[in-house]
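In what follows, a structure is listed as C-alpha cells, so that the remarks can point back to it.
Computed over heavy atoms, backbone and side chain alike; hydrogens, waters and symmetry mates excluded. Note that the structure is a prediction, hence the values are computed from the model and not measured. Order of appearance sets the numbers: ligands from 1, and atoms from 1 within every ligand.
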Amino acid sequence: MLLSVGLIPENELTRNAGIAIDEVTGGAIIDERMQTSVPGIFACGNVLHVHDVVDYVSMEGDKAGKDAAEYSLGKAKMEGAIRVKVGPGVRYVLPQLLSGEEDVLLSMRVMAPARNVKIALLEGGQAVKTVMKPRVNPAEMIQIKVKKSELSGCKEITVTLQNGK
Ligand SMILES: Cc1cc2nc3c(=O)[nH]c(=O)nc-3n(C[C@H](O)[C@H](O)[C@H](O)COP(=O)(O)OP(=O)(O)OC[C@H]3O[C@@H](n4cnc5c(N)ncnc54)[C@H](O)[C@@H]3O)c2cc1C
C-alpha cells in the first residue's frame, strides 16, 4: 500500500495559547528568533510548517532553543518591523516578521515545479536580492540567507518566483 498524503501541523496548543496562525502553513506566525506572537513562546519543526527532512527540524530546534534561552535571560522580544509576504509562485515564507537587525535564513516552498527560475525578494517592486535556481519543487524546502545589510531600509518584502532567463 503506497500512501501519498499531506501533513497538517498539529496546533491545538498554539490556538489555545491565542498565538497568531499563518493560514497557509497552519502554524504560528514567527519572527527571526522563532518567537510567536505571544512573547516567550517559540515554535519550530512540524508544528510550525511541515518538513520533508528532519535535518531542517533539528536546525530550527537548535535556533529556537538558543533564542528561547536568550529570552529567558532577559533578551527582549524583538519588534518585527519588516513584514515578509508571498508573491506569484511562492506558497509560503518563514519567518513572516523580521527586525532588520540580524542576518536571517528564509525558508519557503513554491507553488509548482519549475526549471531555471529566479527567487526575488522585492521591496516596492525593487529587487533587494535574487537567487537563481536550476529547478524548484513544492516537495523540497528552499532556504535563502539574507544579510542584515540587504534588509536595510526595508518595510515589506515580497518573495516571488520569476522566470530565470
Ligand atoms: C510518514 C513520514 C515519513 C518520514 N520520513 C522521513 C525520512 O525518511 N527522513 C527524514 O528526514 N524525515 C522524514 N519525515 C519527516 C520527519 O519525521 C519530521 O519532519 C519530524 O519528525 C518532525 O519533527 P517534530 O519534532 O517537529 O515533530 P514530530 O516528530 O511530529 O513530534 C511532535 C511530538 O509532539 C507530540 N504532541 C503533539 N501534540 C501534543 C500535545 N498537545 N501535547 C503534547 N505532545 C504533543 C506528538 O505526539 C509527537 O511526539 C517523515 C515524516 C513522515 C510523516
Side-chain angles (χ1 to χ4, degrees), residues 1-80 82-99 101-117 119 121 129 131-146 151 157-161:
M1 176 169 68
L2 180 66
L3 282 179
S4 174
V5 292
L7 297 173
I8 300 169
E10 160 54 61
N11 268 298
E12 173 203 1
L13 293 179
T14 314
R15 289 180 192 282
N16 291 350
I19 289 166
I21 297 266
D22 183 310
E23 293 314 322
V24 175
T25 61
I29 291 173
I30 57 161
D31 61 27
E32 71 228 37
R33 293 194 193 135
M34 315 298 292
Q35 190 158 197
T36 69
S37 58
V38 173
I41 301 185
F42 294 73
C44 60
N46 271 9
V47 76
L48 187 57
H49 59 141
V50 173
H51 292 270
D52 35 309
V53 281
V54 79
D55 310 56
Y56 292 128
V57 177
S58 309
M59 284 160 58
E60 283 185 5
D62 188 47
K63 177 149 184 36
K66 279 197 187 104
D67 289 326
E70 285 183 7
Y71 178 84
S72 65
L73 295 171
K75 194 170 179 180
K77 177 172 172 33
M78 48 153 288
E79 288 317 314
I82 304 171
R83 292 197 72 79
V84 183
K85 295 205 161 178
V86 295
V90 176
R91 186 158 174 269
Y92 72 80
V93 183
L94 296 173
Q96 296 93 338
L97 294 169
L98 308 177
S99 68
E101 301 303 317
E102 301 170 8
D103 295 354
V104 292
L105 185 67
L106 296 181
S107 299
M108 63 194 75
R109 287 188 192 268
V110 295
M111 298 292 277
R115 286 184 179 278
N116 303 320
V117 292
I119 296 181
L121 278 55
K129 188 180 181 85
V131 177
M132 300 303 293
K133 291 280 181 190
R135 65 179 192 81
V136 293
N137 193 314
E140 287 166 25
M141 185 88 69
I142 297 168
Q143 294 197 314
I144 293 179
K145 283 201 178 109
V146 186
L151 295 168
I157 288 179
T158 303
V159 183
T160 68
L161 202 60

For Asp22, the salt bridge (charged side-chain N to carboxylate O under 4.0 Å, His left out) test, sequence neighbours excluded, returns none
Under the 3.5 angstrom rule, does the side chain of Gln96 hit a backbone N or O of Ile30 as a donor-acceptor pair? yes
Residues with a heavy atom under 4.0 Å from ligand 1, by chain and number, are Leu7, Glu10, Glu12, Leu13, Gly45, Asn46, His51, Asp52, Val53, Val54, Val57
Under the salt bridge (charged side-chain N to carboxylate O under 4.0 Å, His left out) rule, collect the residues that match up with Arg15, sequence neighbours excluded. none
Who passes salt bridge (charged side-chain N to carboxylate O under 4.0 Å, His left out) against Lys63, sequence neighbours left out? Asp67
Heavy-atom count around Leu105 CG within 6.0 Å, excluding the residue itself: above 12? yes
In terms of relative ring orientation, are His49 and Tyr92 parallel, tilted or perpendicular, with 30° and 60° separating the classes? perpendicular
